[in-house]
Student: 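Here's a structure for you.
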Amino acid sequence: MYLVVSEVYPNNAAKEVASLYVKAITKYPHNDSLAVPIVPAALRTILQGIESLSVYEIKKGKAEDAVNYISTRLMMFNDIQGYRWTINLYLNLEEALKLVGM
């Protein structure tokens, strides 16, 4: 299972987000017992500002704990004007094939 985080924030908040990112990742470092970062951070510019995408491979049976851990880190950014985030879970191919009986 994969956990995909999408974050969007205005261009003028980039320095504030970058500074807080260093604090957040120090306080809540990647926890490989819950999920392994596949794409720690990929960024692009969009009309709304900057979008960041992160992808983690969740350890078996750790989805709820991984979502809670990453959400706690992301909550640190909530006071930044215009900052938004979302988390989505995706099945990997093996998990998806099991759903269709394969």
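Bear in mind that the values here come from a model prediction, so they are computed numbers and not experimental data. Side-chain atoms are counted along with the backbone in the values below, which use heavy atoms only and exclude waters and symmetry mates. This chain uses plain numbering: 1 for the first residue, then up along the sequence.
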Student: Kindly write out the residues that satisfy side chain to side chain donor-acceptor pair (under 3.5 Å) with N78, not counting sequence neighbours, or none if the list is empty.
Tutor: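 By the side chain to side chain donor-acceptor pair (under 3.5 Å) rule, N78 matches W85.
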Student: Report, as yes or no, whether the 6.0 Å neighbourhood of atom CE on M76 holds more than 12 heavy atoms from other residues, nucleotides or ligands.
Tutor: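 Atom CE in M76 is packed in, count exceeds 12.
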Student: Is it the case that one hydrophobic cluster holds both L3 and V8, taking links as side-chain heavy atoms less than 4.5 Å apart, direct or via other members?
Tutor: no
Student: Sequence neighbours left out, what passes side-chain contact (heavy atoms from CB on, under 4.5 Å) with T86? Give chain and number order.
Tutor: S6, N88
Student: Who else is in the cluster with M102 when I, L, V, M, F, W and Y are joined by side-chain contacts under 4.5 Å?
Tutor: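 When side chains under 4.5 Å apart are linked, the cluster holding M102 also contains L93, L97, V100.
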Student: Show the nearest heavy-atom pair for residues A41 and S54, with the distance to one decimal.
Tutor: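 Heavy-atom minimum between the residues: CA-OG, 4.0 Å.
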Student: Suppose the criterion is salt bridge (charged side-chain N to carboxylate O under 4.0 Å, His left out): which pairs have a residue in residues 80-90, not counting sequence neighbours?
Tutor: none
Student: Is there side-chain contact between I58 and L34, with at least one heavy-atom pair below 4.5 Å?
Tutor: no
Student: Quick check: is V36 connected to M1 through a chain of hydrophobic side chains (ILVMFWY, heavy atoms under 4.5 Å apart)?
Tutor: no
Student: Linking directly or through intermediates, with side-chain heavy atoms under 4.5 Å: list the remaining ILVMFWY members grouped with I38, chain and number order.
Tutor: Y2, V4, V39, L53, V55, Y90
Student: Taking the side chain as every heavy atom from C-beta outward, state whether Y83 and L74 have any atom pair closer than 4.5 Å.
Tutor: yes
Student: Donor-acceptor pairs are to be reported for all side-chain atoms of residues 60-67 against protein atoms at under 3.5 Å, with residues two or more places apart or in another chain.
Tutor:
none

Student: So, for Y56 and A35, which heavy atoms are closest and what is the spacing to 0.1 Å?
Tutor: CB-CB, 3.8 Å
Student: For residues 87-97, which residue pairs pass the salt bridge (charged side-chain N to carboxylate O under 4.0 Å, His left out) check, not counting sequence neighbours?
Tutor: E94-K98
Student: For residues 37-51, pull every pair meeting salt bridge (charged side-chain N to carboxylate O under 4.0 Å, His left out), keeping only residues two or more places apart or in separate chains.
Tutor: R44-E51
Student: For residues 12-32, run the donor-acceptor check on the side chains, cut-off 3.5 Å, and write out each pair with its distance to 0.1 Å, sequence neighbours left out.
Tutor:
| residue | atom | partner | partner atom | Å |
| --- | --- | --- | --- | --- |
| T26 | OG1 | V22 | O | 2.7 |
| N31 | OD1 | S33 | N | 3.1 |
| N31 | OD1 | S33 | OG | 2.5 |

